[in-house]
Amino acid sequence: MPELPEVEAICRKLRRQVTGLRITGGCVERPSVTRPQKPHWILSRVVGRVMDSVERRGKHILLQLSGGWVLLIHLRMTGNLVVVPDVRFRSPAVRAWLEMEGGRGLVFEDPRALGRMRLLRPGEDRTALEAVGVEPLSSEFTSEQFLMIASRSRLPAKLFLMDQGRVAGLGNIYAAEALFRAGIHPARPMHRIRRARLEALHGHIIAVLEEAVASAEHAYEAPGRLLETEEFVCAVYGRRGEHCLRCGRCIRRMPQGGRSTYYCPGCQR
DNA sequence: TCGATCCTGTAG
DNA sequence: CTACAGGATCGA
(Lines give C-alpha, C1' and ligand atoms only; values in the text may rest on other atoms or scores of the structure.)
Protein backbone atom coordinates (compact mmCIF):
# COMPACT_ATOMS: atom_id res chain seq x y z
CA MET A 1 0.00 0.00 0.00
CA PRO A 2 2.19 2.75 1.11
CA GLU A 3 4.21 4.99 -1.10
CA LEU A 4 3.88 8.74 -0.70
CA PRO A 5 0.38 8.99 -2.25
CA GLU A 6 -1.15 6.34 -0.02
CA VAL A 7 0.56 7.71 3.07
CA GLU A 8 -0.68 11.18 2.18
CA ALA A 9 -4.23 9.92 1.74
CA ILE A 10 -4.08 8.14 5.09
CA CYS A 11 -2.82 11.31 6.77
CA ARG A 12 -5.59 13.44 5.31
CA LYS A 13 -8.23 11.07 6.51
CA LEU A 14 -6.65 10.70 9.95
CA ARG A 15 -6.38 14.44 10.30
CA ARG A 16 -10.15 14.74 10.24
CA GLN A 17 -10.71 11.73 12.47
CA VAL A 18 -8.24 12.13 15.30
CA THR A 19 -7.10 15.74 15.55
CA GLY A 20 -7.89 17.18 18.96
CA LEU A 21 -8.73 13.85 20.58
CA ARG A 22 -7.10 12.57 23.74
CA ILE A 23 -5.52 9.13 23.94
CA THR A 24 -7.06 7.16 26.80
CA GLY A 25 -5.37 3.79 26.45
CA GLY A 26 -3.62 1.42 24.14
CA CYS A 27 -1.72 -1.78 23.56
CA VAL A 28 1.19 -3.04 21.51
CA GLU A 29 0.25 -6.56 20.43
CA ARG A 30 3.54 -7.20 18.68
CA PRO A 31 6.52 -5.73 20.53
CA SER A 32 8.75 -5.98 17.45
CA VAL A 33 6.95 -3.02 15.86
CA THR A 34 8.30 -0.63 18.49
CA ARG A 35 11.83 -2.02 18.62
CA PRO A 36 14.18 -0.91 20.04
CA GLN A 37 11.77 0.97 22.27
CA LYS A 38 9.75 -0.87 24.91
CA PRO A 39 6.00 -0.85 24.33
CA HIS A 40 5.37 0.27 27.88
CA TRP A 41 7.84 3.11 27.57
CA ILE A 42 5.82 4.44 24.65
CA LEU A 43 2.34 3.74 25.96
CA SER A 44 2.90 5.24 29.38
CA ARG A 45 4.00 8.50 27.78
CA VAL A 46 1.34 8.60 25.10
CA VAL A 47 -1.72 7.89 27.20
CA GLY A 48 -3.33 11.09 28.43
CA ARG A 49 -1.97 13.23 25.62
CA VAL A 50 -3.97 14.97 22.92
CA MET A 51 -3.25 14.40 19.25
CA ASP A 52 -2.55 17.90 18.05
CA SER A 53 -1.88 17.21 14.39
CA VAL A 54 -0.97 14.64 11.77
CA GLU A 55 1.97 15.35 9.48
CA ARG A 56 3.78 13.48 6.77
CA ARG A 57 7.46 13.49 5.87
CA GLY A 58 8.25 11.23 2.92
CA LYS A 59 6.63 7.96 3.88
CA HIS A 60 6.78 8.72 7.61
CA ILE A 61 3.64 9.65 9.52
CA LEU A 62 4.11 12.06 12.40
CA LEU A 63 1.44 12.11 15.06
CA GLN A 64 2.15 15.30 17.01
CA LEU A 65 1.09 14.97 20.61
CA SER A 66 0.55 17.55 23.31
CA GLY A 67 3.70 18.48 25.17
CA GLY A 68 5.81 18.17 22.05
CA TRP A 69 5.98 14.40 21.87
CA VAL A 70 5.80 12.81 18.43
CA LEU A 71 4.64 9.33 17.56
CA LEU A 72 6.47 8.36 14.39
CA ILE A 73 4.96 5.62 12.26
CA HIS A 74 6.35 3.95 9.16
CA LEU A 75 4.00 1.58 7.34
CA ARG A 76 6.68 -0.15 5.25
CA MET A 77 5.12 -2.70 2.87
CA THR A 78 1.74 -3.66 4.25
CA GLY A 79 0.97 -1.31 7.10
CA ASN A 80 -2.16 0.76 7.50
CA LEU A 81 -3.59 3.16 10.05
CA VAL A 82 -7.33 3.23 10.51
CA VAL A 83 -9.90 4.50 12.93
CA VAL A 84 -12.33 1.85 14.13
CA PRO A 85 -15.55 2.29 16.15
CA ASP A 86 -14.42 -0.06 18.90
CA VAL A 87 -11.01 -1.61 19.61
CA ARG A 88 -12.61 -4.69 21.09
CA PHE A 89 -13.43 -5.86 17.59
CA ARG A 90 -10.09 -5.73 15.83
CA SER A 91 -8.61 -7.88 13.12
CA PRO A 92 -5.76 -10.33 13.76
CA ALA A 93 -3.37 -8.18 11.72
CA VAL A 94 -3.54 -5.41 14.32
CA ARG A 95 -0.07 -4.91 15.77
CA ALA A 96 -0.84 -1.95 18.01
CA TRP A 97 -3.77 0.26 18.88
CA LEU A 98 -4.69 3.36 20.82
CA GLU A 99 -8.01 4.06 22.38
CA MET A 100 -9.31 7.60 22.06
CA GLU A 101 -11.76 9.61 24.11
CA GLY A 102 -15.21 8.74 22.85
CA GLY A 103 -14.25 5.09 22.59
CA ARG A 104 -12.98 4.81 19.06
CA GLY A 105 -9.67 3.19 18.26
CA LEU A 106 -6.69 4.27 16.21
CA VAL A 107 -5.38 1.00 14.89
CA PHE A 108 -2.06 0.08 13.32
CA GLU A 109 -2.58 -3.02 11.23
CA ASP A 110 0.18 -4.73 9.32
CA PRO A 111 0.01 -8.37 8.17
CA ARG A 112 3.73 -8.64 7.55
CA ALA A 113 4.61 -6.73 10.70
CA LEU A 114 7.47 -4.91 9.04
CA GLY A 115 6.12 -1.48 9.94
CA ARG A 116 7.63 0.50 12.77
CA MET A 117 6.42 2.83 15.47
CA ARG A 118 8.65 5.09 17.52
CA LEU A 119 8.13 7.84 20.06
CA LEU A 120 10.25 10.97 19.90
CA ARG A 121 10.66 13.02 23.06
CA PRO A 122 10.02 16.78 22.89
CA GLY A 123 12.75 18.47 20.93
CA GLU A 124 14.53 15.21 20.27
CA ASP A 125 17.02 15.25 17.47
CA ARG A 126 15.24 13.67 14.52
CA THR A 127 18.16 12.09 12.77
CA ALA A 128 16.07 9.63 10.81
CA LEU A 129 13.83 12.36 9.49
CA GLU A 130 16.51 14.84 8.64
CA ALA A 131 18.11 12.32 6.30
CA VAL A 132 14.94 12.37 4.21
CA GLY A 133 15.22 14.18 0.90
CA VAL A 134 13.14 16.90 -0.72
CA GLU A 135 9.35 16.62 -0.70
CA PRO A 136 8.37 16.15 -4.34
CA LEU A 137 5.00 17.83 -3.89
CA SER A 138 6.44 20.89 -2.17
CA SER A 139 7.51 24.17 -3.74
CA GLU A 140 11.13 23.31 -2.93
CA PHE A 141 11.09 20.57 -5.51
CA THR A 142 11.99 22.77 -8.45
CA SER A 143 13.32 21.72 -11.78
CA GLU A 144 16.65 23.41 -11.01
CA GLN A 145 16.94 21.64 -7.69
CA PHE A 146 16.18 18.30 -9.29
CA LEU A 147 18.71 18.88 -12.07
CA MET A 148 21.29 19.70 -9.46
CA ILE A 149 20.94 16.52 -7.40
CA ALA A 150 20.37 14.34 -10.45
CA SER A 151 23.48 15.40 -12.33
CA ARG A 152 25.61 14.67 -9.26
CA SER A 153 24.55 11.01 -9.02
CA ARG A 154 25.84 7.99 -10.88
CA LEU A 155 23.04 5.76 -9.60
CA PRO A 156 20.76 3.96 -12.05
CA ALA A 157 17.68 6.15 -12.53
CA LYS A 158 15.25 3.84 -10.78
CA LEU A 159 17.45 3.44 -7.70
CA PHE A 160 18.02 7.17 -7.60
CA LEU A 161 14.29 7.84 -7.54
CA MET A 162 13.74 5.28 -4.80
CA ASP A 163 16.51 6.66 -2.61
CA GLN A 164 14.58 8.36 0.19
CA GLY A 165 17.52 10.60 0.98
CA ARG A 166 17.31 12.27 -2.41
CA VAL A 167 13.62 12.55 -3.26
CA ALA A 168 11.25 11.53 -0.50
CA GLY A 169 8.34 9.18 -0.97
CA LEU A 170 8.76 7.45 -4.31
CA GLY A 171 8.63 3.67 -4.15
CA ASN A 172 8.74 0.79 -6.58
CA ILE A 173 5.52 1.60 -8.39
CA TYR A 174 5.63 5.34 -8.92
CA ALA A 175 9.35 5.39 -9.66
CA ALA A 176 8.72 2.96 -12.51
CA GLU A 177 5.71 4.91 -13.75
CA ALA A 178 7.52 8.25 -13.76
CA LEU A 179 10.43 6.76 -15.70
CA PHE A 180 8.07 5.25 -18.24
CA ARG A 181 6.36 8.57 -18.86
CA ALA A 182 9.70 10.29 -19.25
CA GLY A 183 11.00 7.59 -21.60
CA ILE A 184 14.04 6.81 -19.47
CA HIS A 185 15.53 3.36 -19.10
CA PRO A 186 15.58 2.40 -15.38
CA ALA A 187 19.21 1.32 -15.49
CA ARG A 188 20.49 4.52 -17.06
CA PRO A 189 22.99 6.31 -14.79
CA MET A 190 21.39 9.50 -13.60
CA HIS A 191 24.19 11.87 -14.57
CA ARG A 192 24.08 10.64 -18.17
CA ILE A 193 20.51 11.72 -18.79
CA ARG A 194 20.09 14.85 -20.91
CA ARG A 195 18.89 18.01 -19.30
CA ALA A 196 15.65 18.23 -21.25
CA ARG A 197 14.73 14.69 -20.30
CA LEU A 198 15.47 15.34 -16.63
CA GLU A 199 13.20 18.34 -16.77
CA ALA A 200 10.50 16.15 -18.25
CA LEU A 201 11.10 13.55 -15.54
CA HIS A 202 10.75 16.21 -12.87
CA GLY A 203 7.32 17.10 -14.24
CA HIS A 204 6.26 13.49 -14.54
CA ILE A 205 7.23 12.72 -10.94
CA ILE A 206 4.91 15.47 -9.77
CA ALA A 207 2.11 14.47 -12.15
CA VAL A 208 2.28 10.79 -11.23
CA LEU A 209 2.23 11.55 -7.52
CA GLU A 210 -0.60 14.04 -7.77
CA GLU A 211 -2.74 11.65 -9.77
CA ALA A 212 -1.96 8.84 -7.35
CA VAL A 213 -2.81 10.98 -4.31
CA ALA A 214 -6.19 11.81 -5.85
CA SER A 215 -6.78 8.16 -6.62
CA ALA A 216 -5.75 6.97 -3.17
CA GLU A 217 -7.89 9.59 -1.51
CA HIS A 218 -10.96 8.46 -3.43
CA ALA A 219 -10.20 4.86 -2.61
CA TYR A 220 -10.07 5.60 1.13
CA GLU A 221 -13.14 7.80 1.14
CA ALA A 222 -15.48 5.67 -0.90
CA PRO A 223 -14.91 1.98 -0.44
CA GLY A 224 -16.13 0.42 -3.61
CA ARG A 225 -15.41 1.20 -7.19
CA LEU A 226 -13.50 4.16 -8.45
CA LEU A 227 -14.56 5.97 -11.57
CA GLU A 228 -12.19 5.36 -14.44
CA THR A 229 -11.21 9.00 -14.42
CA GLU A 230 -10.25 8.81 -10.75
CA GLU A 231 -8.26 5.63 -10.68
CA PHE A 232 -4.52 5.64 -11.19
CA VAL A 233 -3.75 3.00 -13.79
CA CYS A 234 -0.19 1.72 -14.05
CA ALA A 235 1.33 1.68 -17.49
CA VAL A 236 4.21 -0.68 -16.68
CA TYR A 237 4.21 -1.74 -13.02
CA GLY A 238 3.06 -5.33 -12.61
CA ARG A 239 2.51 -5.72 -16.34
CA ARG A 240 5.29 -8.05 -17.35
CA GLY A 241 4.50 -9.70 -20.66
CA GLU A 242 1.64 -7.36 -21.52
CA HIS A 243 1.82 -5.11 -24.54
CA CYS A 244 2.82 -1.51 -23.98
CA LEU A 245 -0.15 0.79 -24.48
CA ARG A 246 2.02 3.28 -26.32
CA CYS A 247 4.25 1.18 -28.58
CA GLY A 248 2.92 -2.35 -28.34
CA ARG A 249 6.11 -4.06 -27.27
CA CYS A 250 6.16 -6.47 -24.34
CA ILE A 251 6.71 -4.98 -20.88
CA ARG A 252 9.76 -6.46 -19.18
CA ARG A 253 10.73 -7.10 -15.61
CA MET A 254 14.31 -6.88 -14.39
CA PRO A 255 15.82 -7.10 -10.91
CA GLN A 256 17.29 -3.89 -9.53
CA GLY A 257 18.50 -3.51 -5.99
CA GLY A 258 16.77 -6.73 -5.06
CA ARG A 259 13.38 -5.52 -6.31
CA SER A 260 11.45 -5.86 -9.53
CA THR A 261 11.63 -3.09 -12.07
CA TYR A 262 9.06 -2.98 -14.85
CA TYR A 263 9.70 -1.06 -18.04
CA CYS A 264 8.97 -0.91 -21.74
CA PRO A 265 12.01 -1.71 -23.90
CA GLY A 266 10.51 0.28 -26.77
CA CYS A 267 9.66 3.50 -24.95
CA GLN A 268 12.53 3.55 -22.46
CA ARG A 269 16.09 3.58 -23.80
C1' DT B 1 26.67 -2.81 -4.78
C1' DC B 2 25.11 -7.12 -3.37
C1' DG B 3 22.78 -10.24 -0.23
C1' DA B 4 20.57 -11.28 4.01
C1' DT B 5 17.25 -9.80 7.22
C1' DC B 6 12.91 -8.43 9.24
C1' DC B 7 7.70 -10.89 8.63
C1' DT B 8 3.37 -13.02 6.63
C1' DG B 9 0.31 -13.86 2.84
C1' DT B 10 -0.83 -15.18 -1.69
C1' DA B 11 -0.25 -16.77 -6.40
C1' DG B 12 1.53 -20.21 -9.36
C1' DC C 1 6.67 -26.52 -2.84
C1' DT C 2 8.82 -21.83 -4.71
C1' DA C 3 8.62 -17.06 -6.00
C1' DC C 4 7.24 -12.84 -4.98
C1' DA C 5 5.18 -8.75 -2.55
C1' DG C 6 3.94 -1.09 -2.82
C1' DG C 7 10.29 -0.87 2.33
C1' DA C 8 14.43 -0.09 4.73
C1' DT C 9 18.67 -1.41 7.17
C1' DC C 10 22.80 -3.78 8.04
C1' DG C 11 27.20 -6.06 7.20
C1' DA C 12 30.37 -8.10 3.84
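In this text, all values refer to a predicted model and were calculated from it rather than measured experimentally.
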- prompt: Are A/Arg12 and A/Glu217 ion-paired here, with the side-chain N under 4.0 Å from a carboxylate O?
  reply: yes
- request: Looking at every strand, decide which applies to A/Arg253 at a 4.0 Å heavy-atom threshold: base, sugar-phosphate, or nothing.
  value: sugar-phosphate
message: Taking only side-chain N and O atoms of A/Tyr174, does any of them lie within less than 4.0 angstrom of OP1 or OP2 on C/dG7?
response: no
- prompt: Between B/dT8, B/dT1, C/dA5, which nucleotide has the shortest distance from any of its atoms to the side chain of A/Pro156?
  reply: B/dT1
field: Nearest-angstrom distance, C1' atom, B/dC7 to C/dC4
entry: 14 Å
- prompt: What is the distance from CG of A/Asp110 to P of C/dA8, rounded to the nearest Å?
  reply: 13 Å
statement: Whole-Å distance, A/Ile173 CD1 to C/dG7 C1', equals 12 Å
message: For the P atoms, the ones on C/dA3 and on B/dA4, what distance do you get once it is rounded to whole angstrom?
response: 13 Å
message: Expressed as a whole number of angstroms, how long is the span from A/Gln256:CD to C/dA5:C1'?
response: 17 Å
Strand partner of B/dC7, provided both Watson-Crick or wobble distances fall under 3.5 Å: none
- prompt: Think A/Arg35 has a side-chain N or O under 4.0 angstrom from the OP1 or OP2 of B/dC7?
  reply: yes
- prompt: Taking atom P of B/dC2 as reference, at what distance in whole Å does atom CE of A/Met162 sit?
  reply: 14 Å
- prompt: When you check the phosphate oxygens OP1 and OP2 of C/dA8, does a side-chain N or O of A/His74 lie under 4.0 Å from one of them?
  reply: yes
query: Salt-bridged, A/Glu109 to A/Arg90, with N to O below 4.0 Å?
result: no
message: Taking only side-chain N and O atoms of A/Gln164, does any of them lie within less than 4.0 angstrom of OP1 or OP2 on C/dG7?
response: no
message: Assess whether a salt bridge exists between A/Arg57 and A/Glu8, defined as any Lys/Arg side-chain N lying under 4.0 Å from an Asp/Glu carboxylate O.
response: no
query: Do the side-chain N or O atoms of A/Ser32 get closer than 4.0 angstrom to the phosphate oxygens (OP1, OP2) of B/dC7?
result: yes
- request: Could you tell me whether A/Arg104 and A/Glu99 make a salt bridge, using a distance below 4.0 angstrom between a side-chain N and a carboxylate O?
  value: no
message: Distance check needed: C/dG7 P versus A/Ile73 CD1, whole Å only.
response: 18 Å
field: Residues A/Glu29, A/Arg95: salt bridge by 4.0 Å N-O rule
entry: no
message: Under 4.0 Å from OP1 or OP2 of C/dG7: is there any side-chain N or O of A/Arg116 that close?
response: no
message: Looking only at the side chain of A/Pro111 (C-beta and beyond, no hydrogens), which of the listed nucleotides C/dA5, B/dG9, C/dG7 gets closest?
response: B/dG9
- prompt: Could you state the CD-P distance from A/Glu29 to B/dC7, rounded to the nearest angstrom?
  reply: 16 Å
query: In terms of side-chain heavy atoms of A/Arg76, which of B/dC7, C/dG7, C/dA5 is nearest?
result: C/dG7
- prompt: To the nearest Å, how far apart are A/Tyr262 OH and C/dC4 C1'?
  reply: 8 Å
- request: For A/Arg259, answer base if it contacts any base atom (sugar-phosphate contacts may also be present), sugar-phosphate if it contacts only those atoms, and nothing otherwise; contact means non-hydrogen atoms under 4.0 Å.
  value: base
statement: Taken to the nearest whole Å, CZ/A/Arg240 to P/C/dA3 is 12 Å
query: Is the shortest distance from a Lys or Arg side-chain nitrogen in A/Arg16 or A/Glu221 to a carboxylate oxygen in the other one below 4.0 Å?
result: yes
- prompt: Base, sugar-phosphate alone, or nothing: which one does A/Leu159 contact when heavy atoms must sit under 4.0 Å apart?
  reply: nothing
